[in-house]
Structures are given as structure tokens and as C-alpha cells.
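FYI, the numbering just counts along the sequence from 1.
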Amino acid sequence: MKLPAQLAPWSAWLALLPAQLAAPLGAMLLRLQPLVGRMAGVAACPDTIATGAGSLARRGQYQHLLLSEWAVLDAAPDEFIRRAAANELLFSAPEPQVQRRAHICVALFDAGPAQLGEPRLAQLALFILLARRAQDGAADFKWGILQAPDRLHDNSGRDALRSLLAARTLERVGAQHLDDWNWILAGLEDEAEVWQVGAPDAVATGLASAHAAIGQSLFDSGLEVSITQGRQTRRLQLELPAPQVGAGLLRDPFKPPAPPRPRTEVGAGDTVSLLYAPRFAVSGAWIVAARQAGGSVLHAVPNSAYAQTGKPRRYHPTPDATELGVVLFGKMLARVASSDTHLTFMRFPGQAFGPPRSVPLPPLAHFRVPPGPNRWLPTFFLIDHARTGVGARVFMIDVDNRLVCWSTGIAHSMHEVRFDPLADKVVGAIQTDNMLLYARSDGKHTTIHSLAANAAQAETIGEYEFAVLQVRFGGTQDGWLYAMQLSVGEWRLIDRQATRHTRILVPHGANVIGVTRAVHQTGHGPALLVLAVDRLTLELFSKGDKRVIVRSDAPIAQATLDPSSDRLCWLTGAHELCVMNVYDSGPPLLRVGPAHQAGGA
């Protein structure tokens, strides 16, 4: 593993980790190192032995002139005068006072509940910094856990880091712990440097010479780290690595990766991007995923895990444009591309938006695209083929949750594309072959609207006297399911046919993927599909029951549920795409591994 030059001092520790974990930890080391600094000399202690004349100097008082110089004066007075004028005479001088340095650096870590989770990432980085710092200062490094005042450890390699991570406990640091550590530290030499690493409000041991306080930041999702030495305190807002990287560092960063499972390899450049959730086709058994190299790749989803998989279909990125939205109809991918001034519609069913067609970007007051290239906006399409119908319409939901429409066809000339804002405060949408369903919440009420392909106006099909944060749709138009998020962690599941309301609580930090009907072990009521906080499991939450349907070896980056077929797709951090039926316990219907090479296809 090749590390940047600035990480060379800690290469021995970072080399113990996989590359995907070493780089983020190295970034934390670079941020924290200026706060820790180098080991400084300890002021010399008073000595009863007088300082001797252990050095020579070219200046001084003549009573300290060397005897050899007095001999020059007697033998050659002119040479003596010349040497005096040129400052060449030698005088006896006091020996230099040697600074006495600390020969031991001790670090004590709080492994209790105040430091569980993200603060332990900063502890891991500080451990490496202090160990290297002691090495540079020719000092021994010892460490211990505040809750275990039995002995000091003197190892600082892989075993030490693993022991530090495994030492977490629910016990808080008490007065007895501090007393025991004070007794142990009193047996060290006077120049020992003692660091205490813990929460900002922790009580320090009596002999601690430095205190590193780690707490959650009040301004962002990072950490606030402050280091106090003497009378000086230095503070830092420490950014944290991605959640899956942090989880990998805290679990067992030295665990060898699991052997790869058999999977279907794809062509060079088909490695999927983790920035976009895959999309299922509106009709047909296909799925589209963004490629890391740009553009998209389509895969047919077989009906059986043992059926032969077909060849993928590739779509190259649009030159000088950003792919803003996609809709998959069967195996035909319709796309919306965005440039600085125009939108271009391509390959939608029918002649209206089938051939590439460009329209001016609407004003920002009506439509705002996301900054940067890394987002697909929700995109939908309806077409009415009747002679007197409403024509073809492309719908998108922008970053401000506004539903807008571009239409052309029977209602007006095929040569004209009309833009219309339809609704604001949209909190969810889904489409079928001939219908668009969307939800709107104004802060007090929530309404569900249905817009048919042959209808000019949307119809209100549900009204609720409460506000929601988002709505997920499931089922079909014969029996829709609504999952409404009332607050963080609280969802309400509504079965339109039976008009039942089911309250489901989801752990904080978990991600709701969709809603479906729970069958088999869980009965026939609605259920939430949830990506767990650890991002390693996908679970079904229903009334009074919860069961795991996917366990992944690698963190799950994205997941999508197709409500019409109950098929589930997920992407792992290893760029592996998998598709399965929610209620099948067998192997995935489709498993596609990353390409061996990157590049265009």
C-alpha cells in the first residue's frame, strides 16, 4: 500500500490496515498531529553539586584564562596582544546545563459510555500519535484503560490497537479508579509524561500532565477535540470518515476480508457507482444502475437464481451534459440530461420525447437542479395515445420538492413543449404504466393525489389531518400501501383497502427503503423494509414483528424496492449489485460483481 509522503511517520501503523481504512485514519492523524506536538524537555531539577568548568569559550573574565594562554603572554607578548584583539584567547567556561527529558510517556484512555462510538476513532488516532511521539523523543510508551487500573501495557503494535478497541465497557470512571491510578503513577520517575484521554468533563488524575478531551461537535456531525498541556489549550473540529469506514475501524480493522463469493463479472467500465440508487423498470424485469465510469448499465433480472443471465446493455454519458434523471421502460432507458442552459429529453416512448429534444431550463423560481453531477432526480413519464388525449408528459421533482411537468401532443402542437409547475411540498411519488401517484404535505395536512395518463388534472384520493416528513408507496393501484414518516424514527403504515393504521418505530439512524405487504411468518399486514444502522442487514418491520431478509458481508451503500414485484436491489461497498425477491430465502436472482478494470466501455 502506497501512502502519501506526509503519512510516512505513521506508516508502520497504517500498514496494518486495509487501504480503504488506512487513508481515512491517516487524514485524522494529519489533523490531530499539530495539537499533540513533539515531546519537549522537562526543566532541569535543582542540583546540590556545583556546576564545574567543563567547557571552553573565546570570551570570559581573565581570571578564567587558561594557563596555556598566560604562557603565551610570557613567551611572546605581541602574539598575545594579537590573539586578544582577534578574540582567539581561550577561557574556561561552565559546563552546559543538560535538560532532563521525560523517559516515559503514559496514555490513559476512558473506555466507558461517554467515549463509545465516534470518539473512539479519535482515541485510535491519538494512540498512534502518542506512540510515535514517544518514539521520536527516545521515550518508552505505556498505556492503560482508566476503568482497569491493574497494570500499564507496553505494547504499541497491532495487538495494542486491537486491545484498545476491545476494551469498551459500560462502567464509568469513578473516584476509586483515579485513586488507584494515582498510586500506580506515583511509582514512575518524576519526569514521566502522563496523558489522560476522555470526555470533556472528566475528572483528571492527580499526576496527569496533559488532557485530551473528545466530545460530539455542536455544529456538525464531527468531533470536538481539545488538548490541554500546562496552561495552553488547543481545539479542533475533527471531521469523521464515512460511516461504513468508521464502522470498519471500530469493529476489527485487522480482520482479513472474507473470501469473495461466486458472482457474475461484467465488462471493463461497468462497475456500478455507489452514488445513485438503482431503478427498476416501470414495466418489465430490468434494472438500471449508474456506472462509475459514467453513463448507465442495464441488467435483465431473471425469474430464477439458476437461470442464465443475459448481456448487460450500456448507455454512454451525454457529452457536455449531466444526467439529471432516468426512467426505465422494459429495456429502454429514457433519460433527461442537463447543461448550463438547456434540458434534453431522450428515448422516451412515443415520438414526442423519443428523438432527442432540448428545451430551455425553467427559471430557478420554478425548477432547481441539484449542484454537481452526483444525483438523479425522481423522474416519471405518462403518455396518452388516444387521438383526443392529453399527449405525452415528463414529470420531475426538483431539489426543492416541487413537482413540475413538460408536456406536448394533442392538447397543443407537437412542435411545442409546455412547462407547468404542478405542486410544491411533495414528499413522495411513484408511477405505474398509466398513473402517477404523489403525496403533498403542507405542514398541517397530508394529501395523496392520483394523475392518470389520460387525465389532465390530478385527483385527490386521500386526505390526512397530520403533517409528514416523507411518504413511501407500496402495493398496486388495486390496493395501495402508504408509509408515512411522522417524525424521526416514527412511521405510520396505512392500508387503503382496509383503512388500517399501524405505528412502527424505527431505530434512529436506520434508513427506510420502502413498504410492502408482510407475508409468511409475519402475517399479511403492511411492513417497512429498513436498512439497519450498521448498514449490514435489511429487515422487515411489521406490527409486533421484525425479521432479517438480507445479511451482507460488506456495508450496503444503496437499496431499492420495486413495490409492484416485491423485488429488492442493493449495492454493497464492494460495488456488488444484487437482486432478490423479498420473500424468497434462496440465492439472489441476480448478482453482478465489479469490473476488473475501470474505463470506458
**Prompt:** Does Leu577 reach the side chain of Leu590, with side-chain heavy atoms less than 4.5 Å apart?
**Reply:** yes
**Request:** With sequence neighbours excluded, tell me which residues meet ring pair (Phe, Tyr, Trp, His ring centres under 6.0 Å) with Phe541.
**Result:** none
Hydrogens and angles aside, do [X] and [Y] bring a side-chain donor and acceptor to less than 3.5 Å of each other?
| X | Y | value |
| --- | --- | --- |
| Thr228 | Thr233 | yes |
| Gln115 | Arg168 | no |
| Glu224 | Gln216 | no |

**Request:** Give the ring-plane orientation class for Trp376 versus Tyr276, where under 30° counts as parallel, over 60° as perpendicular and anything between as tilted.
**Result:** tilted
**Carboxylate-amine/guanidinium contact Arg591 Glu576, below 4.0 Å** = yes
**Message:** Any carboxylate oxygen within less than 4.0 angstrom of a Lys/Arg side-chain nitrogen, looking at Arg133 and Glu193?
**Reply:** yes
**Request:** For Leu67, look at atom CG and say whether over 12 heavy atoms of other residues, nucleotides or ligands are found less than 6.0 Å away.
**Result:** no
**Prompt:** For Asp340, does the CG atom have more than 12 heavy-atom neighbours from other residues, nucleotides or ligands under 6.0 Å away?
**Reply:**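 Result for CG/Asp340: open.
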Please identify each residue that fulfils salt bridge (Lys or Arg N to Asp or Glu O under 4.0 Å) with [X], with sequence neighbours left out.
| X | result |
| --- | --- |
| Arg31 | Glu239 |
| Arg120 | none |
| Asp400 | Arg368, Arg402 |
| Glu171 | none |

**Request:** Among residues two or more places apart or on two chains, list those pairs meeting ring-ring contact (aromatic ring centres under 6.0 Å, His included) that have a residue in residues 150-180.
**Result:**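 Qualifying pairs: Trp143-His153.
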**Message:** Measuring from atom CZ of Phe141 to atom CZ of Phe127, what distance do you get when rounded to the nearest 0.5 angstrom?
**Reply:**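 Separation between the atoms: 4.5 Å.
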**Prompt:** In Å, rounded to the nearest 0.5 Å, how long is the span from CZ of Arg58 to CG of Leu90?
**Reply:** 6.0 Å
Heavy atoms only: give me the nearest [X]-[Y] pair and the separation to one decimal.
| X | Y | answer |
| --- | --- | --- |
| Ser552 | Ala554 | OG-O, 2.5 Å |
| Leu469 | Leu486 | CG-O, 4.3 Å |
| Ala114 | Ala199 | CB-CB, 4.0 Å |

**Item:** Ser209 side-chain N/O to Val194 backbone N/O, donor-acceptor pair under 3.5 Å
**Value:** yes
**Prompt:** Okay, side chain of Gln123, backbone of Asp110: is any donor-acceptor separation there less than 3.5 Å?
**Reply:** yes
**Item:** Criterion side-chain hydrogen bond (donor to acceptor under 3.5 Å, both in side chains) against Gln61, the qualifying member of His64, Gln63, Arg59
**Value:**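 That would be Gln63; it is the only one of His64, Gln63, Arg59 passing the side-chain hydrogen bond (donor to acceptor under 3.5 Å, both in side chains) with Gln61.
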**Asked** Which of these, His316, Arg279, Glu323, sits in a side-chain hydrogen bond (donor to acceptor under 3.5 Å, both in side chains) with Ser296?
**Response**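 With Ser296 as partner, side-chain hydrogen bond (donor to acceptor under 3.5 Å, both in side chains) holds for just one option, Glu323.
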**Prompt:** Does the salt bridge (charged side-chain N to carboxylate O under 4.0 Å, His left out) test come out yes or no for Asp78 and Arg82, once each step is laid out?
**Reply:** CA-CA 6 Å; Asp78 291 340; Arg82 186 198 67 78; over 6 Å; no
**Message:** As a quick check of understanding, evaluate side chain to side chain donor-acceptor pair (under 3.5 Å) for Glu490 and Gln485, giving each step before the final call.
**Reply:** CA-CA 6 Å; Glu490 182 182 1; Gln485 185 183 14; over 6 Å; no
